2 protein chains.
Amino acid sequence: MVVSHNEAEKSAEVTSKEPHGSVRARFAAYFADWQRRSLVEGWVCPTRDLLDSIGDTWSTLILMSLAAKPLRFSAVWRAVPDISKRMLTQTLRSLERDGMISRHVFATKPPSVEYRLTELGDSLLESMSALVEWTERSHPVVLRARMRFDALEDAAG
Amino acid sequence: MVVSHNEAEKSAEVTSKEPHGSVRARFAAYFADWQRRSLVEGWVCPTRDLLDSIGDTWSTLILMSLAAKPLRFSAVWRAVPDISKRMLTQTLRSLERDGMISRHVFATKPPSVEYRLTELGDSLLESMSALVEWTERSHPVVLRARMRFDALEDAAG
DNA sequence: CAGCATCCGTGCGGATACTG
DNA sequence: CAGTATCCGCACGGATGCTG
């Protein structure tokens with residue numbers, strides 16, 4: 001936290017220099033667009049909708065487990081530590097419903113079911129890679145930021 | 001859902017051709033790495049940790065609202081539709097703690113507080129842009145997939 | 001093997017009222 | 001203006017037991 005005794009107006013000048021423009025400008029435009037679209041009745045934000053769906057605890061982990069090759073139910077279960085069978089079933093269904101994975105039933109005895117990434121699921125992983133790399137790079141930075149924040153908070157009482 | 005009456009083994013051949021390799025291969029490697037690291041006691045997955053933090057209902061929206069320029073508390077409130085003051089305060093605190101935004105208090109009467117994106121927050125938006133563009137592109141595809149899935153489910157009973 | 005059904009605890013986030 | 005404090009519903013997800 002930064003405390004200043006200058007007037008609030010001071011900050012306007014600082015910000016007008018547009019830090020390193022293009023990315024912020026693009027997101028600013030996107031957000032303005034988002035604000036307009038959100039006024040339309042019945043409008044569903046694509047980002048919200050899809051991230052609500054794949055942003056749960058297990059979806060991306062399951063998608064990644066299928067990146068190398070298709071796996072059967074029990075193989076996915078072994079691949080993803082600590083997931084319950086209930087959540088595995090549920091998440092696989094949700095991913096299939098969204099078209100991220102396909103489900104192939106083989107009429108063997110006992111039955112075996114194979115799940116594989118679709119083109120859509122593959123394109124999602126592709127689009128996530130930049131973000132995943134960012135989290136790997138930034139995690140130490142965030143951990144330090146948290147420690148500093150918590151320390152200052154304790155000091156303040 | 002695809003039903004086959006071939007043997008399960010048939011699929012192994014199909015998959016060995018590695019669809020369009022590099023992205024899947026990279027994620028397969030990343031996932032294998034993730035599996036190994038998850039065995040270490042006390043290990044925290046960076047992606048899980050950071051996405052848990054910024055993957056909530058409001059964080060990314062707030063970050064985007066600050067992309068154009070710093071805003072004061074009430075301005076953020078107006079910019080983000082339907083957020084409660086409670087969640088705004090809470091989310092701003094969380095983002096500040098993680099170092100995504102900085103908080104600047106101006107000693108005016110009544111007090112005014114300004115929030116602005118940090119370099120880290122900016123880099124997050126940057127890394128998210130590919131994913132956001134993907135959601136915009138893919139939303140129609142997913143909606144169609146869902147309709148087909150639900151239709152087949154209804155037909156099956 | 002690949003699920004489904006049921007019960008249940010926890011935490012996210014909304015609503016409301018109050019303060020320096 | 002910029003928060004805090006309290007109450008509370010509800011959905012996410014864990015645990016367990018059962019089936020074709």
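Note that this is a predicted model, so its numbers are computed, not measured. Just so it is clear: chains get the letters A, B, ... in the order the sequence lines come, proteins before strands, and each one is counted from 1.
Separating the CG atom of B:D52 from the P atom of D:dC12 is a distance of 15 Å, rounded to the nearest angstrom. Rounded to a whole Å, the CG atom of A:L88 is 13 Å from the P atom of D:dG13. The nearest whole Å value for the distance from the CH2 atom in A:W77 to the P atom in C:dC4 is 14 Å. With rounding to whole Å, B:D82 atom CG is found 17 Å from C:dC12 atom C1'. Rounded to whole Å, atom P of D:dA2 lies 19 Å from atom CD of B:Q90. The nearest whole Å value for the distance from the CG atom in B:L92 to the C1' atom in D:dC1 is 14 Å. Following rounding to the nearest Å, A:F73 (CZ) and C:dC4 (P) show an atom-to-atom distance of 8 Å. Rounded to whole angstrom, the span from the CD atom of B:E114 across to the P atom of D:dG3 amounts to 12 Å.
Within 4.0 Å (heavy atoms only), B:T89 reaches at least one base atom of the nucleic acid. At the heavy-atom level, B:W58 lies under 4.0 Å from the strands shown only through sugar-phosphate atoms. Nucleic acid contact for A:K109: none, since no nucleic acid atom lies under 4.0 Å from a heavy atom of the residue.
The side chain of A:K85 lies closest to C:dG3 when the candidates are C:dC1, C:dG13, C:dG3. The nucleotide whose nearest atom lies closest to any side-chain atom of B:D56 is, among D:dT4, D:dG3, C:dG13, C:dG13. Among the nucleotides C:dG14, C:dG20, C:dG3, the one closest to any side-chain atom of B:M87 is C:dG14. Listed nucleotides: D:dC1, D:dA2, D:dG20. Nearest to the side chain of A:P111: D:dG20. Side-chain atoms of A:Y115 lie closest to C:dG3 of the nucleotides D:dG3, D:dC1, C:dG3.
A:S84 has no side-chain polar atom (N or O) that falls below the 4.0 Å cut-off from OP1 or OP2 of D:dA15. OP1 and OP2 of D:dG13 both lie 4.0 Å or more from every side-chain N or O belonging to A:R86. OP1 or OP2 of C:dG3 sits under 4.0 Å from a side-chain N or O of A:R103. An OP1 or OP2 oxygen of C:dA2 is reached within less than 4.0 angstrom by a side-chain nitrogen or oxygen of A:S74. Side-chain N/O atoms of B:T57 include one lying less than 4.0 angstrom from OP1 or OP2 on C:dG13.
The closest donor-acceptor contact from the side chain of B:S94 to the backbone of B:Q90 lies at 3.5 Å or more, if one exists at all. Checking side-chain atoms of A:S59 against main-chain N and O of A:G55 turns up no donor-acceptor pair under 3.5 Å. Between the side chain of A:S65 and the backbone N or O of A:V76, no donor-acceptor pair lies under 3.5 Å.
The neighbour count for B:R148 CZ, taken as heavy atoms of other residues, nucleotides or ligands under 6.0 Å away, does not exceed 12.
In terms of heavy atoms, B:P81 sits closest to A:W34 at CD-CZ3, 3.4 Å.
Stacking of B:R48 on the aromatic ring of A:W58 is recorded, both the 6.0 Å distance cut-off and the 45° axial limit being met.
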